[in-house]
Protein chains: 2
Amino acid sequence: MFILLVEDDEVIADAICTYLAHQGLAVEHVMSLEAATTYIESSHFDLCILDLNLPDGNGIDWLCSLRSKRFSLPVLILTASDTIDDKITGLKKGADDYLVKPFDLRELQARLLSLKRRSSDRLSNTIHHGMLQYDLEQHKALLNGVLISLSRNEDLLLQTFLNNPQRVLTQNQLKNVLYGVCDDVASNALNVHIFNLRKKLGTQAIETIRGLGFRLGKIETKPS
Amino acid sequence: MFILLVEDDEVIADAICTYLAHQGLAVEHVMSLEAATTYIESSHFDLCILDLNLPDGNGIDWLCSLRSKRFSLPVLILTASDTIDDKITGLKKGADDYLVKPFDLRELQARLLSLKRRSSDRLSNTIHHGMLQYDLEQHKALLNGVLISLSRNEDLLLQTFLNNPQRVLTQNQLKNVLYGVCDDVASNALNVHIFNLRKKLGTQAIETIRGLGFRLGKIETKPS
DNA sequence: ATTTCATCTTAATATTGGCTTAATTAAGTC
DNA sequence: GACTTAATTAAGCCAATATTAAGATGAAAT
């Protein structure tokens, strides 16, 4: 596994490099954002460890521009400050995890590994389920290669189902997805949406578990 | 992501619900441990936010019983007291993180996300009993590899039996599982459900201890 | 502003499946 | 044998969900 470490503090960087190398990971160490950019654009890395305080700029901004250039590699942020704002901003701006200095090297390793695991799952932006192909970025659903047009709520529901295959989702859970906090409204709008989804994806696409909720089912060639 | 919020203070609960829902998380709010138990046992949640001071009991005790019932969902404890002892006890008893009131909603969110991350590595919780494989999350029962469809009440009963193997459960206890605590008992509905369960799982699946109640028995290849 | 169009919600009705009831049979207990 | 408890059936009921269609909303286009 190839890791890019962006860190200007030599002591910390050395510690990380030594430890990770010892664990069988290939670490490339750079000390500025400029160098980081060069490396990222000219070579392949599985992960990036990013310190936020760097001589030639702010790590968050760099991360933003990285994302805007469609680099999707997982980034773990190192931050000295324990302020909430930093964490929040970091996570929202496209970081995948963060670690507050000082930290335990073993924890760093654990997080890197879990990061890798997670990211290798969602490398592709499309989810496949039976004959359905769903593009998370473009919100496009292809059934048997044919584009299915979905309304906003249908889209939300389908996403939720695809993100929780095998799982029984209660009506309240699904209502929360659509309407935010559930005022526990007695409305069957949800049922109508499910009905419409079934018309588009086939009757078996959504199973009902009476008294419990709904679950994603089989999506096959033909809406019957 | 589905979150169960157990909190009896409406003001705090509302704030949390509104904020988290706004962040795209599905929050289910209950105000008592009893309700929490019902929800946990009948639906899926990724996380639980647990206040410790509740009208119908102590949160720590509830957490203990939850763990003893093999529910492994990550729990974040909310505590008013800032005493170290409380935190320690909480963490030792199976909590995964804690937050002291008053807290910043953004910090709550950050902690929830990291909690989810850490826990996503865990194994799925399935109970094995003889030839039966029961998945608590999916509410799926496989007998000899074949899916058995269970009604809501059958599902509840089976769960209860699997969570209390070896133990004799009185009819009243089982009725409480289905109908909550109430002592009107002139109905044999429970017997009918047990009869139907036996039809699906085999005659020996549930033993009758005459005059006392029922106990989980052997579940073998074929319903005879 | 007004029209147009799609979607969302409401509401009314149909349907289904599971729950309970109740009556009967079987199995223990004294 | 009389009594108690549990098992077994089948019928009716009811709540959860499905289905429709009509009205409400809201955004884009003219």
Side-chain angles (χ1 to χ4, degrees), chain A residues 139-141 147-161 168-180 182-217 223-224, chain B residues 38 42-43 139 141 147-161 168-180 182-217 223-224:
Chain A
H139 295 263
K140 276 184 180 174
L147 184 68
I148 304 283
S149 105
L150 297 171
S151 75
R152 189 195 82 104
N153 281 353
E154 288 162 2
D155 186 66
L156 278 172
L157 286 177
L158 179 56
Q159 257 190 59
T160 309
F161 278 118
V168 178
L169 303 168
T170 68
Q171 295 218 4
N172 263 334
Q173 289 177 321
L174 294 170
K175 282 179 183 169
N176 283 345
V177 169
L178 298 185
Y179 313 115
C182 186
D183 306 323
D184 214 42
V185 273
S187 154
N188 72 336
L190 174 65
N191 299 72
V192 177
H193 290 307
I194 287 186
F195 174 67
N196 292 326
L197 253 182
R198 281 182 179 140
K199 274 202 294 196
K200 295 181 179 177
L201 302 175
T203 323
Q204 304 187 336
I206 297 163
E207 301 169 3
T208 107
I209 290 85
R210 186 168 258 258
L212 283 178
F214 301 93
R215 177 172 53 199
L216 186 62
S224 48
Chain B
T38 309
S42 64
S43 179
H139 295 270
L147 183 69
I148 305 285
S149 106
L150 298 171
S151 77
R152 195 190 77 102
N153 281 355
E154 289 161 3
D155 187 66
L156 277 172
L157 286 176
L158 179 56
Q159 262 189 51
T160 309
F161 278 117
V168 177
L169 301 168
T170 68
Q171 296 218 1
N172 263 333
Q173 287 177 320
L174 293 171
K175 282 178 182 170
N176 285 344
V177 169
L178 299 185
Y179 313 116
C182 57
D183 19 34
D184 77 316
V185 259
S187 158
N188 71 336
L190 174 65
N191 299 72
V192 177
H193 288 129
I194 287 185
F195 173 67
N196 290 326
L197 253 182
R198 281 181 177 140
K199 273 201 296 196
K200 295 180 180 177
L201 301 175
T203 322
Q204 305 186 335
I206 297 163
E207 300 169 2
T208 303
I209 289 86
R210 206 181 169 77
L212 283 179
F214 301 94
R215 177 173 53 196
L216 186 62
S224 47

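So that the names make sense, note that chain A is the first sequence line, chain B the second, and so on, each numbered from 1.
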Rounding to 0.5 Å, atoms CG (B:Asn153) and CG (B:Leu178) come to a distance of 4.5 Å

Separation of [N] [atom2] from [X] [atom1] (nearest whole Å):
| X | N | atom1 | atom2 | result |
| --- | --- | --- | --- | --- |
| B:Phe195 | C:dT21 | CZ | P | 18 Å |
| B:Ile194 | D:dA6 | CD1 | P | 10 Å |
| B:Arg215 | D:dA6 | CZ | P | 15 Å |
| B:Glu207 | C:dA27 | CD | P | 18 Å |
| B:Leu190 | D:dT5 | CG | C1' | 13 Å |
| A:Leu158 | C:dT7 | CG | C1' | 17 Å |
| B:Arg198 | C:dA27 | CZ | C1' | 12 Å |
| B:Leu212 | D:dT4 | CG | C1' | 14 Å |

Return no unless some side-chain N or O of [X] is found under 4.0 Å from OP1 or OP2 of [N].
| X | N | result |
| --- | --- | --- |
| B:Gln171 | D:dA6 | yes |
| B:Tyr179 | C:dC19 | no |
| B:His193 | C:dG18 | no |
| A:Asn191 | D:dT17 | no |
| A:Arg210 | D:dA15 | no |
| B:Ser187 | C:dT21 | yes |

Where the side chain of B:Ser187 meets the backbone of B:Ala189, is there a donor-acceptor pair that is under 3.5 Å apart? yes

Verdict with supporting geometry, B:Ile148 and B:Leu150, side-chain contact (heavy atoms from CB on, under 4.5 Å)
CA-CA 6 Å; B:Ile148 305 285; B:Leu150 298 171; 3.9 Å; yes

| said: Taking the side chain as everything from C-beta on, heavy atoms only, tell me whether A:Arg215 gets closer than 4.5 Å to A:Ile206. | reply: no

Counting C-beta onward and ignoring hydrogens, is there a side-chain heavy-atom pair between A:Ile209 and A:Phe214 closer than 4.5 Å?
no

Winner on side-chain proximity to B:Asn188, out of D:dT8, C:dA11, C:dT29, is D:dT8

Residues passing the side chain to side chain contact (heavy atoms under 4.5 Å, CB included) test with B:Gln173, sequence neighbours excluded, are B:Leu169, B:Thr170

Under a 4.0 Å heavy-atom cutoff, the residues of residues 150-157 of chain A touching DNA chain D are none

Assign each of A:Thr208 and B:Thr208 the nucleotide of DNA chain D bearing its closest heavy atom; nearer the 5' end lies the nucleotide of B:Thr208

For residues 186-196 of chain A, the salt bridge (charged side-chain N to carboxylate O under 4.0 Å, His left out) pairs (sequence neighbours left out) are none

